[in-house]
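Here's the structure we're looking at; comments come further down.
Quick note: numbers below take in every heavy atom, side chains included, and nothing from hydrogens, waters or symmetry partners.
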Amino acid sequence: MKHDHDITAATPTLAETLAETPHESATKHVTGRADYTDDLVLPEGALHAYLGLSTVAHGRIRSMDLDAVRVAPGVIDVLTAADIPGHNDVSPVQKEDDPIFAESEVMFHGQPIFAVVAETRDQARRAAVLAKVDYEDLPLVLDPLSARDAGSFVQPGMTLRRGEPEAALAAAPRRIDGRMVIGGQDHFYLEGQIALAIPGEDDEVTIFTSTQHPTEVQHMVAHALGVPAHAVVVNVRRMGGGFGGKETQMNLFCCVAAIAAKKWHRAVKLRPDRDDDMIATGKRHDFVTDYAVGFDHQGKILAVTGDWYARCGFSADLSMAVTDRALFHADNAYFYPDVQVRSHPLRTNTVSNTAFRGFGGPQGVIVAERIIEEIAYATGQDTLAVRKANFYTHGQLTPYHQPVEDMILPQLIGELEGSCDYAARRRAVLDWNARADASGGVIRRGIALTPVKFGISFTATHFNQAGALVHIYSDGSIMLNHGGTEMGQGLHTKIVQVVAEAFNVGVEQVRITKTTTEKVPNTSATAASSGTDLNGMAALDACNQIKARLVAFLCETKDAEPGEIEFLRDHVRVRDEVIAFSKVVQTAYLARVQLSAAGFYATPKIHWNRAAGRGRPFYYFAYGAACAEVSVDTLTGEYVIERADVLHDVGRSINPAIDKGQVEGAFVQGTGWLTSEELWWDDKGRLRTHAPSTYKIPLASDRPKVFNVALADWSVNAERTIKRSKAVGEPPFMLGISVFEAIGHAVASVAGYRECPRLGAPATPERVLMAVERLRAGTAA
């Protein structure tokens, strides 16, 4: 058998064909034939649930009168905490701090306190607002610094330290201290949270839902019902977007639907309105970060310290891991000779914040870029020159003591600099702004080229595992199932390609089924950009098991040696005999050869000691860079992205079209986080930006006027990943920082580039205008 262990041994023609495979659901998406959870035909007698939410941010429940709710038209009954047969808790990490329904105390405005179950969704929704709840108001803590001052933490923070940063700061020729406010972000998935629970025999229940983590839903529902995990089946065919918002946040909706389904022995569906979805579910963590940097007169970084204060919300959720990852990326692409960074996960009376694309990494990277900005303006240099002077070199240690062994940014940045004509365009920007200064022009230009270095792996080591199940039926068709979930990112398409190439058959011969806990158990969330890395290798393992059996069978029946057997396109060659693949499978079936296999993969080399702040939490790094040019109106603070050029590292791409689409989408989403997407709570803890009318995601008109995106096709992952590819989900999100930095460059021009404008994120037009006025007035940030 020729190179049986390596799927790249397939014929180049097939490999090229597979690389152009369109998204497995693309046609169904655009024609409306793709079935999402809300499209499923409901069983006869199905009921609908709707959540009743608290109207105060922190209070003790004195009384709760639900009589008007119960007698409303169509209402079957109401669920409260007293109706939960198991545990009233959906905490993914720190148990008993995240109730399904609040009992005696509510901790944030919009916290679920009951659920209405009715014949129709409209009846349930209308009845939910009829509840009369009397609260005793309790003190509020809403922002990170107030929580810090109150000593209110959800979990212990972490410290990463290397060297003697205090002494190095004291000895540095120059030092800057600063503070950066970094806003959060709502996931704004197109498909909202939804769950459909169908009761079965005995303690069984089946859940159809839109979640990134079917196994966690399985465990949470079992926990809430007080039954074993084997009684709960969770099914996910596809999601209409997730971005981290469906990693833990779906648990509550599934538990409510399941409790109601088992209580009334009828199917129950729960789908909130967009407003209630945004009010009741967690967001990207917002931070206030205090930093200090020591550097020499040439702009070389000598020491860095920093404290990341995170608004985590009322419960732990995934905040410890998110704030940890912020520290893991506090260096971005730059070597800090002496460093100490600390995280502070703070409890506030707001919704519990959760996973979001990048998982804290963007909030670390942007502070590294702010530090570069500070140095560049203080020393009168181009920010890119300061960046390049401080890049890691091979073998240097990160703040968590992992050596950087695959640094390709100098090559990648050099290529992008040339392709986007950075030097000439920067000169043109400076000339434009000089003319605006002389003539009183109000439009200023800005340009920035920023890199990203992003660690790939779950930082909780045990999550770095995956399973897959592959069946070959007697007619030669192949059924594939794996533990990853499809949220539009093309994961299923890539894993189908892996299986098709392993057997050297067309993708039309491989069918992928819904993700289900019935087939692959104990799965990790589809998160941390690891979906293809983990599930692709697990699927390949299953394929290789079956191929080994087929080879052994052919060796026995054809009196051949393994080296004389080769899988060709839709055929198998045994010496000079070429047999159709379907015929080989059918013959093997008749000879009772097992044609099914469960594959498994665990990421090698990684280890992490959080207490010591040392280890190798990441299998490898993914890299990228973007150059953005903007125009800023200094009278209004409004801005336009004139052009963006992106070059991103995905290793040896499995599917370049899908990867490029991920890079484009991530860039736009990252830009939205840093420009228009502003979360706002009032002084009573009420989220005021809870609908498209008040929360502004980027529109098609907000994309760069010129948008050039390319993949670094020369890159090959040094580690043995699936086809030597690299993860693409999260790393390009941080490329949007180039837009934020370009806006800052334009603003800095009004004061002759002598001062870092210290924009807060998001850089809304209001914040941009205030920064312009502040710099013109010569006042400190």
Please tell me if the side chains of [X] and [Y] come closer than 4.5 Å, counting only heavy atoms from C-beta onward.
| X | Y | value |
| --- | --- | --- |
| Pro43 | Ile198 | yes |
| Ile259 | Ile100 | yes |
| Met158 | Thr323 | no |
| Tyr695 | Arg274 | no |
| Thr206 | Asn235 | yes |
| Leu687 | Val351 | no |
| Val322 | Asn353 | no |
| Thr526 | His213 | no |

Arg311: which of Thr348, Val141, Leu145 passes side-chain contact (heavy atoms from CB on, under 4.5 Å): Thr348
Any donor-acceptor pair under 3.5 Å from [X] side chain to [Y] backbone:
| X | Y | result |
| --- | --- | --- |
| Gln218 | Val232 | yes |
| Lys684 | Ala57 | no |
| Asp682 | Arg688 | no |
| Asn464 | Phe458 | yes |
| Asp277 | Gln193 | yes |
| Asp203 | Val227 | no |
| Arg767 | Pro762 | yes |
| Thr120 | Gln123 | yes |
| Glu247 | Gly244 | no |
| Glu486 | Leu491 | yes |

Which heavy-atom pair separates [X] from [Y] by the least distance, and what is that distance?
| X | Y | result |
| --- | --- | --- |
| Thr215 | Pro521 | OG1-C, 4.5 Å |
| Thr289 | Trp308 | OG1-CD1, 3.2 Å |
| Ala115 | Val256 | CB-CG1, 3.7 Å |
| Gly483 | Thr515 | O-CG2, 3.9 Å |
| Cys255 | Ala224 | SG-CB, 3.9 Å |
| Ala197 | Val205 | CB-CG2, 4.2 Å |

Hey, could you give me the [atom1]/[atom2] distance between [X] and [Y], rounded to the nearest 0.5 Å?
| X | Y | atom1 | atom2 | result |
| --- | --- | --- | --- | --- |
| Lys514 | His492 | NZ | NE2 | 11.0 Å |
| Trp681 | Leu142 | CH2 | CG | 9.5 Å |
| Ile194 | Thr211 | CD1 | OG1 | 13.0 Å |
| Lys283 | Thr689 | NZ | OG1 | 7.5 Å |
| Leu66 | Phe114 | CG | CZ | 5.5 Å |
| Ser210 | Arg238 | OG | CZ | 11.0 Å |

So, [X] versus [Y]: side-chain donor-acceptor pair below 3.5 Å or not?
| X | Y | answer |
| --- | --- | --- |
| Glu678 | Thr764 | no |
| Thr248 | Asp317 | yes |
| Asn481 | Thr513 | yes |
| Ser54 | Gln111 | no |

Residues which pass side chain to side chain donor-acceptor pair (under 3.5 Å) with Asp275, listed by chain and number, not counting sequence neighbours: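 Here the qualifying residues are His690.
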Candidate pair Leu51 and Phe101, rule side chain to side chain contact (heavy atoms under 4.5 Å, CB included), full reasoning: CA-CA 9 Å; Leu51 297 175; Phe101 297 127; 4.2 Å; yes
Aromatic plane relationship, Tyr189 with His187 - under 30° parallel, 30 to 60° tilted, over 60° perpendicular: parallel
Reference residue Ser529; test side chain to side chain donor-acceptor pair (under 3.5 Å); the match among Glu730, Gln662, Gln489: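 Only match with Ser529 under side chain to side chain donor-acceptor pair (under 3.5 Å): Glu730.
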Derivation of the side chain to side chain contact (heavy atoms under 4.5 Å, CB included) call for Leu679 and Asp286: CA-CA 9 Å; Leu679 294 166; Asp286 53 316; over 6 Å; no
If you count every heavy atom of other residues, nucleotides or ligands that lies below 6.0 Å from [X] atom [atom1], does the total exceed 12?
| X | atom1 | result |
| --- | --- | --- |
| Arg60 | CZ | no |
| Arg237 | CZ | yes |
| Arg126 | CZ | no |
| Leu190 | CG | no |

Side chain to side chain contact (heavy atoms under 4.5 Å, CB included) between His285 and Cys312, intermediate numbers included: CA-CA 6 Å; His285 291 67; Cys312 299; 3.9 Å; yes
Row check, Phe733 ring normal vs Arg357 NZ/CZ: under 6.0 Å, within 45°: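 No; the conditions do not both hold, so Arg357 does not lie above the ring face of Phe733.
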CA sep, side-chain torsions, deciding dist, call: Ser91, Asp89, side-chain hydrogen bond (donor to acceptor under 3.5 Å, both in side chains): CA-CA 6 Å; Ser91 314; Asp89 180 56; 2.4 Å; yes
May I ask you to decide whether [X] forms a salt bridge with [Y], counting only side-chain N to carboxylate O separations under 4.0 Å?
| X | Y | answer |
| --- | --- | --- |
| Asp35 | Lys28 | no |
| Asp65 | Lys132 | no |
| Asp273 | Arg121 | yes |

is_close_aromatic(Phe356, Trp673), centroid dist under 6.0 Å: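 Aromatic pair excluded; centres sit 6.0 Å or further apart.
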Sole candidate of Arg266, Lys263, Arg70 that passes salt bridge (charged side-chain N to carboxylate O under 4.0 Å, His left out) when paired with Asp77: Arg70
Salt bridge (Lys or Arg N to Asp or Glu O under 4.0 Å) against Glu105, all qualifying residues, sequence neighbours excluded: none
Test log, rule side chain to side chain contact (heavy atoms under 4.5 Å, CB included), inputs Gln669 and Phe243: CA-CA 10 Å; Gln669 191 177 42; Phe243 311 117; 3.6 Å; yes
